Amino acid sequence: LGIVVKVPNRDRFAIGSRFSKIALQAISSANQGPPVRPIIQQLVADIQETCNIGVLSGRDYVYIERVECERLPRIYLETGARLHPHVTSGGKAMLAHLPTRARNALVEKLDLKRFTEFTITDRDKLIEELDLVRERGFAFAWQEFSEGIVGIGVPIISADKRVLASLALHAPIQRISLENASKYAKKLQKCARQLADAWG
């Protein structure tokens, strides 16, 4: 039924694609108990930039919650939108904080499609970038998906050190730079801890 699958040539099983879809639908359901959206709304009111939560689903990065800011210009992407993880700050934040072996195996399978001149399409360079993200605690995406748009992403990590999702902001380059990114990252990290607590 696609709930579990046998790992080829090994005596073990793994979560199947259907189980992943069910889990993703449960996480993104509007019927969630924890007050996820109000927590993000409070963050957006504070930093005045659009924020989202996303998860890795197969080889895609999927938005499961999104709160738009009121400032213009702003970037519009619907909840449920699927993007390549190597071009988004949220996707890179999740990839970077996976166990190294799992991360490297996933990077080998990714379609490193070029979207702009700034997109990282070399696997070794992407691994280096992910190592840097893990070291500094946040990901920075500089016009890698869309010209003129930057993002900052942080992992949402459970008490038992599992990466649950990532929290990210997107903004025009006129408002966010690498120089002021750490200021925003600290606020994202604080919010990520609140979200992890809300998810238990």
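Note that this is a predicted model, so its numbers are computed, not measured.
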Side-chain heavy-atom pair [X], [Y] within 4.5 angstrom cut-off:
X: I64; Y: V36; value: no
X: L110; Y: H84; value: no
X: I176; Y: L169; value: yes
X: N52; Y: H170; value: yes
X: K187; Y: E49; value: no

Let me know which of [options] forms a side-chain contact (heavy atoms from CB on, under 4.5 Å) with [X].
X: L126; options: L130, D124, D122; answer: L130
X: I127; options: I120, V107, L132; answer: V107
X: F145; options: T119, V87, T116, V150; answer: V87

Indicate, with yes or no, if [Y] and [X] share a hydrophobic cluster defined by side-chain heavy-atom contacts under 4.5 Å among Ile, Leu, Val, Met, Phe, Trp and Tyr.
X: Y184; Y: I53; value: yes
X: V133; Y: L106; value: no
X: W199; Y: V67; value: yes
X: L195; Y: V44; value: yes

Roughly how far, to the nearest 0.5 Å, is the [atom2] atom of [Y] from the [atom1] atom of [X]?
X: Q41; Y: E65; atom1: CD; atom2: CD; answer: 8.0 Å
X: E129; Y: E144; atom1: CD; atom2: CD; answer: 6.5 Å
X: Q42; Y: C191; atom1: CD; atom2: SG; answer: 8.0 Å
X: R66; Y: I40; atom1: CZ; atom2: CD1; answer: 10.5 Å
X: I152; Y: L167; atom1: CD1; atom2: CG; answer: 11.0 Å
X: S182; Y: Q189; atom1: OG; atom2: CD; answer: 9.5 Å

Should the heavy atoms of other residues, nucleotides or ligands under 6.0 Å from CZ of R136 be counted, would the total exceed 12?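 Yes - once you tally the heavy atoms of other residues, nucleotides and ligands closer than 6.0 Å, there are more than 12.
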Nearest non-hydrogen partners of [X] and [Y], listed with the distance:
X: V154; Y: G137; result: CG1-O, 4.0 Å
X: A139; Y: S89; result: CB-O, 3.3 Å
X: P155; Y: A93; result: N-CB, 4.0 Å
X: V55; Y: M94; result: CA-SD, 3.5 Å
X: F118; Y: W142; result: CB-O, 3.3 Å
X: Y61; Y: S166; result: OH-OG, 2.7 Å

Answer yes or no: is there a donor N or O on one side and an acceptor on the other, between the side chain of [X] and the main chain of [Y], under 3.5 Å?
X: T88; Y: G91; answer: yes
X: E68; Y: T50; answer: no
X: R134; Y: L98; answer: yes

For the residue pair F115 and H86, categorise the inter-ring angle as parallel (less than 30°), tilted (30 to 60°) or perpendicular (more than 60°).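 Rings of F115 and H86: tilted, 30 to 60°.
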After noting the C-alpha distance and the side-chain angles of D160 and R162, does the key distance pass the salt bridge (Lys or Arg N to Asp or Glu O under 4.0 Å) rule? CA-CA 6 Å; D160 60 355; R162 287 182 302 112; 3.1 Å; yes
